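Everything on this sheet refers to the single structure shown next.
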There are 2 protein chains.
Amino acid sequence: MPAPPKTSDARIVAAARGLLERNGRDGFSLNDVAAAVGVRAPSLYRRFDDRAALLEAVELSLWRDLGRSLAEAIVSHQPLETLQSQARAYRAFARAHPNGYSLMFDVQSRPTEEGVSVRTDALAPALPALTALVGPEYSLLAARVLTPFLHGFVSMEIGDAFRLGGGLDAAFEHGIATILHGLARDRRRARRSR
Amino acid sequence: MPAPPKTSDARIVAAARGLLERNGRDGFSLNDVAAAVGVRAPSLYRRFDDRAALLEAVELSLWRDLGRSLAEAIVSHQPLETLQSQARAYRAFARAHPNGYSLMFDVQSRPTEEGVSVRTDALAPALPALTALVGPEYSLLAARVLTPFLHGFVSMEIGDAFRLGGGLDAAFEHGIATILHGLARDRRRARRSR
DNA sequence: ACCTGAACACCGTTCAAGT
DNA sequence: ACCTGAACACCGTTCAAGT
């Protein structure tokens with residue numbers, strides 16, 4: 001007999017993402033997700049292998065949105081200005097979705113192959129400006145200075161780990177400026193010594 | 001009637017810390033902790049308010065150990081060398097206790113007042129060298145560049161987020177060098193413009 | 001004084017039964 | 001074809017009962 005679906009993968013992921021953001025990782029339950037899409041928990045298993053698989057789908061959706069934000073933050077032909085704008089977009093994304101952001105970097109679940117490619121795609125919009133700033137042979141190393149700073153700063157901010165007062169906006173701007181200028185200087189030094 | 005305790009706070013915390021490291025955050029259970037110290041789960045509630053309180057005690061023990069590592073890493077009177085040594089100690093600590101480290105920065109649980117002071121104490125051994133490098137009025141800002149980089153780098157490393165190959169040791173050393181030189185340069189510029 | 005079994009509410013997950 | 005109630009194992013947590 002016919003039995004039309006009551007919901008869809010996309011609706012489930014959207015509901016799960018909203019609930020995760022509202023209730024936090026520890027308050028997230030499949031019962032709530034099922035109820036939010038008008039279904040019972042066992043029905044979710046027709047579409048997702050298990051809780052971890054559903055959370056991974058949420059994670060992928062978050063990475064895609066971050067990639068979109070970074071692409072939209074390309075505001076100039078000046079690599080320095082674009083990278084600053086993208087750094088601000090990155091921070092704004094994390095502050096807008098703190099629980100989602102911490103899921104994106106959750107240590108407990110290793111990224112799958114799809115996860116790896118979605119992450120690579122998400123950060124790709126920042127590569128042209130970074131390469132323009134530091135040169136192609138140096139961009140991977142530079143990314144491994146900039147990205148850790150960004151991730152570390154926003155995850156500490158989200159986790160309330162900055163406790164000694166002072167404006168975080170200014171600290172962030174200063175950190176970005178210090179790092180970007182330091183990276184650009186590294187390149188000049190490498191050139192000179194060649 | 002007398003009833004001597006079968007265990008102690010310290011033994012419970014030690015067992016919990018070992019189990020957390022072995023089984024991960026999601027595999028951590030009070031039943032396992034109780035079994036490890038020869039007791040039943042309800043007995044743990046005499047000593048800790050709940051699961052969150054026990055995990056917080058584990059977290060505090062980890063922060064104290066990190067502080068000890070950073071203090072032992074003071075190897076020179078040269079601030080640059082000491083900070084590099086401490087950065088390596090920080091990374092080594094995170095790699096030695098990946099599940100513990102991610103608990104220390106877990107976004108889900110806000111730090112308590114005791115948590116705040118233990119964190120401050122843990123990072124204190126790095127302050128003299130940092131102040132010597134960048135000057136007292138600039139050390140907070142500098143800490144907010146260096147600490148995020150350290151935390152971001154090691155949490156990405158632990159979470160397997162560096163996927164494009166290349167040696168992570170070299171990337172870490174390079175990042176530290178770039179940031180420390182950048183911070184020192186900031187100070188010189190600030191001096192000159194005064 | 002300290003520990004425990006039993007009970008409760010709530011999980012994630014499976015599966016046979018329903019339509 | 002899709003959904004569900006019932007069941008299972010496993011949680012964290014409470015508490016009256018044991019010694």
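Chain identifiers are assigned alphabetically (A, B, ...) following the order of the sequence lines, protein sequences preceding nucleic acid strands; residue numbering begins at 1 within each chain. Predicted model, so just to flag it, every value in this text is computed and none were measured.
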Could you identify which residues of residues 13-22 of chain A place a heavy atom less than 4.0 Å from some atom of DNA chain C, listed by residue number, or say none?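 By residue number: none to list.
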Closest nucleotide among C/dA6, C/dC2, C/dT13 to the B/P5 side chain: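 Among the listed nucleotides, the one closest to the side chain of B/P5 is C/dC2.
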Would you indicate which nucleotide in D/dT14, D/dT4, C/dC3 comes nearest to any side-chain atom of B/K6?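 Of the candidates, C/dC3 comes closest.
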Using side chain to side chain donor-acceptor pair (under 3.5 Å), reason through A/S102 and A/R25 one step at a time and then give a plain yes or no. CA-CA 9 Å; A/S102 62; A/R25 185 228 302 143; over 6 Å; no
For a quick test of reading the model, state the closest non-hydrogen atom pair linking B/A122 to B/L70 and the distance between them.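 Of all heavy-atom pairs spanning B/A122 and B/L70, the closest is O-CD1, 3.5 Å.
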Closest non-hydrogen atom pair, B/F48 against B/D9: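 Closest approach of B/F48 to B/D9: CZ-O, 4.1 Å.
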Once you measure the plane-to-plane angle for B/H174 and A/Y138, does it fall in the parallel (<30°), tilted (30-60°) or perpendicular (>60°) bin?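 Taking A/Y138 first and then B/H174, their aromatic rings stand perpendicular (interplane angle over 60°).
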Rounding to an integer number of Å, can you tell me how far A/F48 CZ sits from C/dT13 P?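 The distance from CZ of A/F48 to P of C/dT13 comes to 13 Å, rounded to the nearest Å.
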Whole angstrom value for the distance that separates P of C/dC2 from CG of B/L44: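 Going from B/L44 (CG) to C/dC2 (P), I get 14 Å.
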Taking NZ, NE, NH1 and NH2 as the nitrogens, is one of them in [X] or [Y] under 4.0 Å from a carboxylate oxygen of the other?
X: A/R163; Y: B/E113; result: no
X: B/R119; Y: B/E59; result: yes
X: A/R17; Y: A/D65; result: yes

Atom pairs, N/O to N/O, protein against nucleotides 8-12 of chain C, distance under 3.5 Å?
from	atom 1	to	atom 2	distance (Å)
C/dG12	OP1	A/L30	N	3.2
C/dG12	OP1	A/R51	NH1	3.1
C/dG12	OP2	A/L30	N	3.2

Return the [atom1] to [atom2] distance between [X] and [Y], rounded to the nearest 0.5 Å.
X: B/S155; Y: A/H151; atom1: OG; atom2: NE2; value: 3.0 Å
X: A/L127; Y: A/T120; atom1: CG; atom2: OG1; value: 9.5 Å
X: B/T7; Y: B/L44; atom1: OG1; atom2: CG; value: 8.5 Å

Would you indicate what B/R40 reaches in the nucleic acid, counting non-hydrogen atoms under 4.0 angstrom: base, sugar-phosphate, or nothing?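 Contact class for B/R40: sugar-phosphate only.
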N or O in side chain of A/S43 less than 4.0 angstrom from D/dC2 OP1/OP2: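 Negative; the distance criterion is not met.
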What residue among B/F153, B/F93, B/Y90 forms ring-ring contact (aromatic ring centres under 6.0 Å, His included) with B/Y101?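 The ring-ring contact (aromatic ring centres under 6.0 Å, His included) with B/Y101 is passed solely by B/Y90 among B/F153, B/F93, B/Y90.
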How is the base pairing of DNA chain C summarised as a dot-bracket string, given the Watson-Crick and G-U wobble criteria with both distances under 3.5 Å, [ ] for crossing and | for another strand? ||.|||||...|||||.||
